[in-house]
Amino acid sequence: MQLTILGGGGFRVPLVYGALLRDHAPGRITEVVLHDVDAARLSAIAKVLADQARDSADAPVVRATTDLDEALRGADFVFSAIRVGGLAGRAADERIALAEGVLGQETVGAGGVAYGLRTVPVADAIARRIKAVAPGAWVINFTNPAGLVTEAMARHLGERVIGICDSPVGLARRVARTVGADPVGLRLDYAGLNHLGWLHGLYEGEEDVLPRLFADDALLTSFEEGKLFGADWLRSLGSVPNEYLYYYYFNREAVTAYGHAELTRGAFLLNQQERFYATVADRDQAWDAWDRTRAEREATYMSENREVSGAGERAADDMESGGYENVALALMRAIARDEPATLILNVRNGASLHALDAEAVVEVPCHVDASGPRPLPVTQLTGHEAGLVSAVKAVERCVLEAAEAGSARAAVKAFALHPLVDSVQVARRLLDGYRGAHPGLAYLRP
């Protein structure tokens with residue numbers, strides 16, 4: 001079987017390849033095709049993968065190309081992890097938003113809107129080529145903003161595009177470990193949008209073990225999300241929010257922390273990866289260089305939020321995410337081998353969440369087999385959860401409208417309607433700033 005990775009020169013590609021190296025079962029991926037528009041980055045990551053596979057006798061064959069159609073031909077699965085505008089674009093998104101006193105995070109607030117406006121037209125074009133060149137392929141989307149981009153691609157690919165994220169399963173594993181439950185076999189009651197969801201229950205058989213967490217102050221503040229949000233606020237919510245909800249519940253603190261940071265997250269990663277890509281081609285131990293860079297990246301994740309909340313340094317256990325590469329591998333196995341699995345995925349809503357329409361892409365637990373994913377029953381969103389999810393979905397729809405029609409008016413509306421942007425005038429200045437920084441937004445017309 002062939003896996004095509006779009007964004008094949010991306011830093012996290014070795015994580016996906018590592019998961020494939022650990023899979024020795026019949027029906028495994030035997031060929032990986034890397035595609036990227038940056039030939040130098042593509043070459044660097046190909047070198048890392050070659051080093052990574054040096055002791056593996058049955059490693060999937062790797063080839064690289066800058067030709068999209070060539071990469072797609074023969075694909076059984078397509079993994080999309082592109083970054084339109086690169087990390088320089090992300091750093092600009094953060095800087096322009098902070099200059100207006102609002103959040104510029106990659107997927108949340110003004111930064112997420114800007115990133116979506118840049119990315120959706122490219123993702124739309126890719127979806128059209130997949131439909132034309134590899135119509136039978138399943139597409140696994142990790143391109144951020146993941147829910148928005150998956151919804152854009154679904155307009156061409158339907159249910160054959162599935163969005164993934166490691167945040168929800170990472171949250172569930174941390175909670176399970178904290179209350180002494182085995183994460184394997186637990187049923188997760190989780191619902192929302194990508195980077196905007198809540199864990200309402202964690203079931204061992206028929207028993208919800210989440211109340212054990214709320215009953216014990218020491219437990220409740222011993223893991224990543226407990227440290228970020230605090231015991232009192234988690235009890236007020238009666239659920240455990242995805243870590244990205246910090247930007248909503250503690251927005252002023254987050255904006256202040258980002259404003260005082262020596263470097264924004266995007267600028268930090270830009271500097272770090274520029275050093276890595278500039279030197280890896282000349283190193284004999286490309287894998288070791290990549291792994292050291294990865295460890296530094298993970299240790300500094302959400303560092304500003306942890307500092308302002310008093311959460312301290314990340315514990316080793318908390319740095320264990322859900323592993324998006326493991327989610328991707330489990331998803332491919334379930335479909336290709338008909339090995340049923342339950343995974344939290346970004347899929348069309350159907351009748352899952354009553355607060356949203358059937359075509360909206362939501363993030364919910366799904367049963368997956370050879371026929372694809374089917375959403376499982378979850379606790380319905382109510383009150384502020386339903387309101388916040390509905391508001392952000394309305395913003396996403398404005399981004400889709402702006403991208404489809406080339407409408408600057410719809411883009412301003414997307415910024416202005418976001419809960420973390422407090423003024424229409426700010427929204428207009430944001431669009432002006434982003435259009436000046438990103439040539440890829442020239443398609444937006446008055």
Practice problem: Might you work through the side chain to side chain donor-acceptor pair (under 3.5 Å) test for Gln380 and Thr382, ending with a clear yes or no? | Solution: CA-CA 6 Å; Gln380 290 299 312; Thr382 58; over 6 Å; no

Please answer whether the main-chain N or O of [Y] pairs with a side-chain N or O of [X] as donor and acceptor at a distance below 3.5 Å.
X      : Y      : value
Arg348 : Ala154 : yes
Gln105 : Gly112 : no
Ser80  : Thr143 : no
Asp51  : Ala286 : yes
Thr221 : Gly226 : no
Ser352 : Asn349 : yes
Ser56  : Ala53  : no

Shortest non-hydrogen contact from [X] to [Y]?
X      : Y      : value
Leu356 : Val389 : CD1-CG1, 3.6 Å
Val48  : Val280 : CG2-CG2, 4.0 Å
Tyr247 : Ala254 : CD2-CB, 3.9 Å
Gly433 : Ile96  : O-CD1, 3.5 Å
Cys398 : Leu417 : SG-CD1, 4.1 Å

Which residues pass the side chain to side chain contact (heavy atoms under 4.5 Å, CB included) test with [X], not counting sequence neighbours?
X      : result
Asn242 : Ser167, Pro168, Tyr190, Tyr244, Leu245
Ala176 : Ala181, Pro183, Leu186, Leu202
Ala341 : Ala334, Leu343

Exercise. Apply salt bridge (charged side-chain N to carboxylate O under 4.0 Å, His left out) to Asp232 and list each qualifying residue two or more places apart in sequence or on a separate chain.
Key: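 Applying salt bridge (charged side-chain N to carboxylate O under 4.0 Å, His left out) to Asp232 gives none.
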
Is there a side-chain contact between [X] and [Y] (heavy atoms, below 4.5 Å)?
X      : Y      : value
Leu171 : Glu243 : no
Val395 : Val113 : yes
Arg337 : Arg28  : yes
Val139 : Arg160 : no
Leu331 : Ile164 : yes
Glu396 : Leu148 : yes

Check this for me, if you would: do [X] and [Y] make a salt bridge, where the nitrogen-to-carboxylate-oxygen distance has to be below 4.0 angstrom?
X      : Y      : answer
Arg83  : Glu106 : yes
Asp217 : Arg235 : yes
Glu94  : Arg90  : yes
Arg333 : Asp23  : yes

Side chains of residues 5-21: which donor-acceptor pairs under 3.5 Å do they make with residues two or more places apart or in other chains?
residue: Tyr17; atom: OH; partner: Pro60; partner atom: O; Å: 2.8

Exercise. Applying side-chain hydrogen bond (donor to acceptor under 3.5 Å, both in side chains), name anything that partners His438, two or more places apart in sequence or on another chain.
Key: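 Checked His438 against side-chain hydrogen bond (donor to acceptor under 3.5 Å, both in side chains); matches are Asp93, Arg118.
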
Quiz prompt | Glu204: side-chain hydrogen bond (donor to acceptor under 3.5 Å, both in side chains) partners, not counting sequence neighbours | solution =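 For Glu204, the residues satisfying side-chain hydrogen bond (donor to acceptor under 3.5 Å, both in side chains) (neighbours in sequence not counted) are Arg212.
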
Quiz item: So which pairs with a foot in residues 183-200 pass salt bridge (Lys or Arg N to Asp or Glu O under 4.0 Å), sequence neighbours left out?
Solution: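 Listed once each, the pairs would be none.
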
Quiz prompt | Sequence neighbours excluded - salt bridge (Lys or Arg N to Asp or Glu O under 4.0 Å) pairs with any residue from residues 142-153 | solution =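 Passing the test, one end in residues 142-153: Glu151-Lys393, Glu151-Arg397.
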
Self-check item: All ring pair (Phe, Tyr, Trp, His ring centres under 6.0 Å) counterparts of Tyr115, not counting sequence neighbours
Solution: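 With neighbours one apart ignored, the set is empty.
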
Quiz item: ring pair (Phe, Tyr, Trp, His ring centres under 6.0 Å) with Tyr249: which residues, sequence neighbours excluded?
Solution: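 Ring pair (Phe, Tyr, Trp, His ring centres under 6.0 Å) list for Tyr249, sorted by chain: Trp233, His384.
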
Quiz prompt | Within residues 344-367 or reaching into it, pairs that qualify as ring pair (Phe, Tyr, Trp, His ring centres under 6.0 Å) - sequence neighbours excluded | solution =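 Counting only pairs at least two positions apart or across chains, no ring pair (Phe, Tyr, Trp, His ring centres under 6.0 Å) contact touches residues 344-367.
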
Quiz item: Are more than 12 heavy atoms from other residues, nucleotides or ligands located less than 6.0 Å from atom CZ of Arg252?
Solution: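 No, because the 6.0 Å sphere around CZ of Arg252 holds 12 heavy atoms or fewer from other groups.
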
Self-check item: Thr150 vs Asn346, side chain to side chain donor-acceptor pair (under 3.5 Å): CA-CA, chis, key distance, verdict
Solution: CA-CA 7 Å; Thr150 301; Asn346 286 263; 5.8 Å; no

Quiz item: Do Glu385 and His200 get their side chains close enough for a donor-acceptor pair, meaning under 3.5 Å?
Solution: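 The answer is yes; a qualifying pair exists.
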
Self-check item: side-chain contact (heavy atoms from CB on, under 4.5 Å) between Ile130 and Leu157, worked out
Solution: CA-CA 8 Å; Ile130 293 171; Leu157 301 172; 4.1 Å; yes

Exercise. Validate the cation-pi geometry between Arg41 and Tyr277: distance from NZ or CZ to the six-membered ring centre under 6.0 Å, angle to the ring axis within 45°.
Key: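 Yes, cation above the ring, under 6.0 Å and within 45°.
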
